[in-house]
2 protein chains.
Amino acid sequence: MARQNTVFKEAYNRYAAALRTDTALPSEPEIAAQLGVSRSTARAILTRLSEEGIIRWNKRQKTVLRQPTDRDLFPSEETDSLHDIIERSFMQRILADDAAPGMQINELELAREIGTGTTSVREFLIRFSRFGLIEKRPNSHWTLKGFTREFALELADVREMFELHSAAEFGRLPKGHQAWADLAAIRDDHHAMLADINQRFRDFSVLDERFHLLIHRASKNRFIADFYDAIAIVFHYHYQWNKTAARERNERAIHEHLDYIAALESGDQAAIEKACRAHLHSARQTLLQSLPQMASESG
Amino acid sequence: MARQNTVFKEAYNRYAAALRTDTALPSEPEIAAQLGVSRSTARAILTRLSEEGIIRWNKRQKTVLRQPTDRDLFPSEETDSLHDIIERSFMQRILADDAAPGMQINELELAREIGTGTTSVREFLIRFSRFGLIEKRPNSHWTLKGFTREFALELADVREMFELHSAAEFGRLPKGHQAWADLAAIRDDHHAMLADINQRFRDFSVLDERFHLLIHRASKNRFIADFYDAIAIVFHYHYQWNKTAARERNERAIHEHLDYIAALESGDQAAIEKACRAHLHSARQTLLQSLPQMASESG
DNA sequence: ATTTTGTTTTTTATCTACAATAAACATTTT
DNA sequence: AAAATGTTTATTGTAGATAAAAAACAAAAT
């Protein structure tokens, strides 16, 4: 097959789940815009909804006849994009314990195991290479560099440079800027989580990502933004398979965040730098402690 | 065709050009290592050299019969890798005056113009996207973000963060480290160029790249190294098509480099930071002045 | 025993083809 | 006339095939 219609299926599920009986649906371009797909795909969704008897569709008349059930939706395996499937499968492999640094990565083998063509795997690896975890030897194989202590330290160094820069920029945003409102909302979310920390400490990583993303956006620098995207993805998988998210550690991070937020709100650059450094220092420790303890390797 | 044998042709040219009549050639693995290719390719080269009557080859006996002439070599169009061809062609297009920011990039059209398949173009664009000059909308086209003032400023900001870091690290290298010898050599090259500046100011960009690369290697950080690779490529093409390399500007940069080198050699961190900042500030100005003067545009 | 050469297998780089999706164009409706 | 729908075209995403190049294996020579 040339291409799976996962865009259609995923959007269909999303749209069907939001339907309410007896409501009238908007125009095709509007539906397309809501779903973030082209009108062609929106029409394909309407066509299927109509065929399934979920809506009555006649030109501009689009009425919801019945509420779709779970059986009307496509199973989740069919809605994942190939890129996501490859990413998950690949991350699982390289974060697994038996994936030793220096290991060769074979495109064809990977493709076969995932059940996909080599082109997609190649393109994924090229995109993924910017995270610094793999490296290519021209005309030859990819090499796994691995989630090592060196990687963590290099990542942390750049992260600190970027975040100090972004935090300083954040402190210079004009008082009316939307970011201040967003920051206040995140501050409140921190307080809410802290109030129920025993139940909710596992949700911290999502809040953490939201907070740092907000800070980095203040820098308006594409390289910083891209780097943070990379960090977020790597951390997402890393912490998913390395459940070292101790309650105490997250609680401490929340307090650091609150200090950091207070410093930002004060507008005092020296205070911002101090709070930012304090948090980054402990984030670095957390990252290093999450690594498997091994003898330092040459390489 | 599945794949051009450009690796073979390029290596053949390289090896043939270095042959001297009546000398004996080393073993196959050694030739392969010298050329940086596999033994299969090395054997293909020996086979052709033998067929062309340039060498006599019998197992371990490999004697050069005659000096290869220019007519024995493959023409340069046949030795360029597809990646290089696409890169040159693409850079030429996006740095051309009519390439307006926001322009769509069409994979198929690009492939047709370059005379190549779409896969190679796609892979090139994916790799190239990390430079921040183009951006992809999923399931849709690439967009040219362009070599704009914003791009230059964002690049300069990150460059400054990284170089301050690397310079500080450089200053901490132990006295016996190879980098100090390399630095001394580069210092002498600066003095030599300065002595004949009227003739040689055009060669400065090569020296400049060599100098900054040496500094960045001290950081031993893959993200910093990768970023500098990106900068080097972008600048390479940018300055090639924008000949703003005024003699005065390069001369001033050489003096800044010499101050910077002296500071590094002094080991005084405050002096290093000061000299580094001074040079980076003027490098930023040079970059900004090399851009077409335009009204600041909205995003 | 190690290195070199000879031979075969594996893997990558690249092309072509085609379904899904987006985008453009044409017609109809308000 | 502006926006919606209907229809057609262009472009992307992915699979599969194949030559080049690398790598592995086997035999021979030092």
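Chain A is the first sequence line, chain B the second, and so forth, proteins listed ahead of strands; every chain is numbered from 1.
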Quiz item: Would you say a side-chain N or O of A:N106 is under 4.0 Å from OP1 or OP2 of C:dT11?
Solution: yes
Practice problem: Report the residues that fulfil side-chain contact (heavy atoms from CB on, under 4.5 Å) with A:R20, sequence neighbours left out, ordered by chain and then residue number. | Solution: A:T23, A:Q67
Practice problem: Pick out which of B:R60, B:R43, B:K59, B:K62 makes a salt bridge (charged side-chain N to carboxylate O under 4.0 Å, His left out) with B:E28. | Solution: B:R43
Exercise. List in chain and number order the residues that pass side chain to side chain donor-acceptor pair (under 3.5 Å) with A:R56, two or more places apart in sequence or in another chain; answer none if no residue qualifies.
Key: none
Quiz item: Considering the terminal five base pairs at each end of the helix from C:dA1-D:dT30 to C:dT30-D:dA1, what angle separates the two local helix axes, rounded to 10°?
Solution: 30°
Exercise. Please list, chain by chain and in numerical order, all residues satisfying side chain to side chain donor-acceptor pair (under 3.5 Å) with A:Y237, sequence neighbours excluded.
Key: A:E87
Practice problem: Find out whether the Lys NZ or Arg CZ of B:R48 is both under 6.0 angstrom from the six-membered ring centre of B:Y12 and within 45° of the ring's axis. | Solution: yes
Exercise. Output the residues of residues 19-38 of chain A in contact with DNA chain C, where contact means a heavy atom of the residue under 4.0 Å from an atom of the strand; sort by number or write none.
Key: A:V37, A:S38
Quiz item: Taking the side chain as C-beta and beyond, is there a heavy-atom pair between A:I126 and B:E123 under 4.5 Å?
Solution: yes
Exercise. Please check the phosphate of C:dA20 (OP1 and OP2 only) for any side-chain N or O of A:T6 closer than 4.0 Å.
Key: no
Quiz item: Reckon A:K136 has a side-chain N or O less than 4.0 Å from the OP1 or OP2 of C:dA13?
Solution: yes
Practice problem: May I ask you to evaluate whether A:H141 reaches the phosphate of D:dA22, defined as a side-chain N or O under 4.0 Å from OP1 or OP2? | Solution: no
Quiz prompt | A:L82, nearest nucleotide to its side chain (from D:dA15, C:dT12, C:dT28) | solution = D:dA15
Exercise. Report yes if at least one side-chain N or O of B:R43 is closer than 4.0 Å to OP1 or OP2 of C:dG6; otherwise report no.
Key: yes
Practice problem: Please determine if a side-chain N or O atom of A:K62 lies less than 4.0 Å away from the OP1 or OP2 oxygen of D:dT5. | Solution: yes
Quiz item: Rounded to the Å, how far apart are A:E107 CD and D:dA15 C1'?
Solution: 15 Å
Practice problem: Tell me which residues in residues 118-131 of chain A put a heavy atom below 4.0 Å from DNA chain C, sorted by number, or none. | Solution: A:R122
Quiz item: Should the ring pair A:H212 and A:Y228 be called parallel, tilted or perpendicular, given that the plane angle runs from 0 to 90° and is split at 30 and 60?
Solution: tilted
Quiz prompt | Test item: side-chain donor near acceptor, B:Q4 and B:T6, under 3.5 Å | solution = no
